[in-house]
There are 2 protein chains.
Amino acid sequence: MTAHEHTHHDHDQPNLTKNQALVFGALDGAEGPLTAYAILDQLREDGFRAPLQVYRALDKLVEFGMVHRLESLNAFVACRHPGCVSHESAAFAICEDCGSVQEFSPEEAMRVLKAWADAKGFTASKTTVELRGRCKDCAAA
Amino acid sequence: MTAHEHTHHDHDQPNLTKNQALVFGALDGAEGPLTAYAILDQLREDGFRAPLQVYRALDKLVEFGMVHRLESLNAFVACRHPGCVSHESAAFAICEDCGSVQEFSPEEAMRVLKAWADAKGFTASKTTVELRGRCKDCAAA
DNA sequence: TGGAGACATGTTATAGCGTTACATCTCTTT
DNA sequence: AAAGAGATGTAACGCTATAACATGTCTCCA
């Protein structure tokens, strides 16, 4: 079972290893983001025993572009790029009331950031954009 | 000694408490970002003994807009807003080679993000924008 | 004047997130 | 069969952050 043949952020679904498939399944089935330890607890019945098993799988899944890390939460979500846009331009709106996360692709904003980077000679390998606040539903409640 | 009378992200320099002043001094004198524990170690000779002393001061300094938290590093930097722009629109370019951090204010990008949020009914209380990559100097080397 | 309230501080313990180091297993290739 | 590469298992540890509780230090005002 191999999980290679990948350049970087490929759009093809790679052949996942057993652990990668289990971790992705946990994230894909979850409503919101999960921490590594939450995933570990969920996968104990599948034989998971140590954090490293989760982190190793997460590293690969992020590399494949199938999972995003939310820096401001120290948590992970399965990728739901609306319209199947580039994984490079992902941004997240995180509701601090209900914990929901919306993924979106602010391509115009990303262009502006890239323009700044180009002008400064900065080569960005990853761009993190996260909005923390209150979602529509929670604001209405 | 008081450190109040603040609405939110005031531009006035508040009267800092002893601990706040020490922590801010450490960050302001540092070349790059510092973790809370690095600050703690640096302030042991000033009587600091526990992480909480640092975190309490950091919370206030962030609230005052004098310090930014870098989510992707779990570290903190003194604010160096070029041109004294709003603390609300701060972004950071973090070099993974040399550890340097450039703060900038991509107001156009922030406007685009705010427009998305408005359209979705999302009220953002904080916006995190961090570029990870390679700075000009390190690319040249 | 002395007590109440508000805020800052001190201290210990603990919870949560992530990695190092090392051993083993399973395939593929030759 | 031997060698190499990648995946996995396990234990121990280190870094990041907070909970809970105790104490100190002011100001205000009855």
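To find a chain, count down the sequence lines: A is the first, B the second, and so on, and within it residues start at 1. This structure is a prediction, so every number in the text was calculated from the model and none was measured.
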Margin query: Is B:Tyr55 stacked against the base of D:dT18, taking the criterion as centroid distance under 5.5 angstrom and interplanar angle under 30°?
Written below: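 It does not: the two rings, one from B:Tyr55 and one from D:dT18, miss the stacking criterion.
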Margin query: Can you tell me if B:Tyr37 is stacked onto the base of D:dC15, using a 5.5 Å centroid cut-off and an angle below 30°?
Written below: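 According to the criterion (under 5.5 Å, under 30°), no, B:Tyr37 does not stack.
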Can you measure [X] atom [atom1] to [N] atom [atom2] for me and round it to whole angstrom units?
{"X": "B:Lys18", "N": "C:dC7", "atom1": "NZ", "atom2": "C1'", "value": "16 Å"}
{"X": "B:Gln20", "N": "C:dA8", "atom1": "CD", "atom2": "C1'", "value": "9 Å"}
{"X": "A:Asn19", "N": "C:dT26", "atom1": "CG", "atom2": "P", "value": "14 Å"}
{"X": "B:Leu22", "N": "C:dA8", "atom1": "CG", "atom2": "P", "value": "15 Å"}
{"X": "A:Leu40", "N": "D:dG9", "atom1": "CG", "atom2": "C1'", "value": "13 Å"}
{"X": "B:Leu58", "N": "C:dA8", "atom1": "CG", "atom2": "P", "value": "15 Å"}
{"X": "B:Leu43", "N": "C:dG10", "atom1": "CG", "atom2": "C1'", "value": "15 Å"}
{"X": "B:Leu34", "N": "D:dC15", "atom1": "CG", "atom2": "P", "value": "15 Å"}

Notebook entry, point to check: Just checking, is any N or O donor in the side chain of B:Ser89 or B:Glu107 under 3.5 Å from an acceptor N or O on the other one?
Noted result: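 No, no side-chain donor-acceptor contact under 3.5 Å.
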Notebook entry, point to check: If we ignore angles and hydrogens, is there a donor and acceptor under 3.5 Å between the side chains of B:Glu71 and A:Ser72?
Noted result: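 Note: B:Glu71 and A:Ser72 side chains miss the donor-acceptor criterion.
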Is the shortest side-chain N/O distance from [X] to OP1 or OP2 of [N] below 4.0 Å?
{"X": "B:Arg69", "N": "D:dA17", "result": "yes"}
{"X": "A:Gln53", "N": "D:dT8", "result": "no"}
{"X": "B:Thr17", "N": "C:dT9", "result": "yes"}
{"X": "B:Asn74", "N": "D:dA17", "result": "yes"}

Next item on the list: Nearest 0.5 Å please: distance from the CD atom of B:Gln42 over to the CZ atom of B:Phe48.
Entry: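 So the gap between those two atoms works out to 11.0 Å.
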Item checked: Spacing of CG belonging to B:Leu34 relative to CZ belonging to B:Phe76, to within rounding of 0.5 Å ->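 Nearest 0.5 Å value for the CG-CZ distance: 10.5 Å.
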Note to self: Can you identify which nucleotide, out of C:dT19, C:dT11, D:dT8, has its nearest atom closest to the A:Leu52 side chain?
What the structure shows: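 Ranking C:dT19, C:dT11, D:dT8 by closest atom to the A:Leu52 side chain puts C:dT19 first.
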Check: Out of A:Val129, A:Val77, A:Thr128, which one pairs with A:Phe92 under the side-chain contact (heavy atoms from CB on, under 4.5 Å) rule?
Finding: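 Filter result, single survivor: A:Val77.
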Next item on the list: Map B:Arg56 and B:Leu73 onto DNA chain D by nearest heavy atom, then report which one ends up closer to the 5' terminus.
Entry: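 This one resolves to B:Leu73.
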Next item on the list: Using heavy atoms to find the nearest nucleotide of DNA chain C for A:Phe76 and B:Gly47 separately, return the residue whose nucleotide is more 5′.
Entry: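 Closest to the 5' end, via its nearest nucleotide, is B:Gly47.
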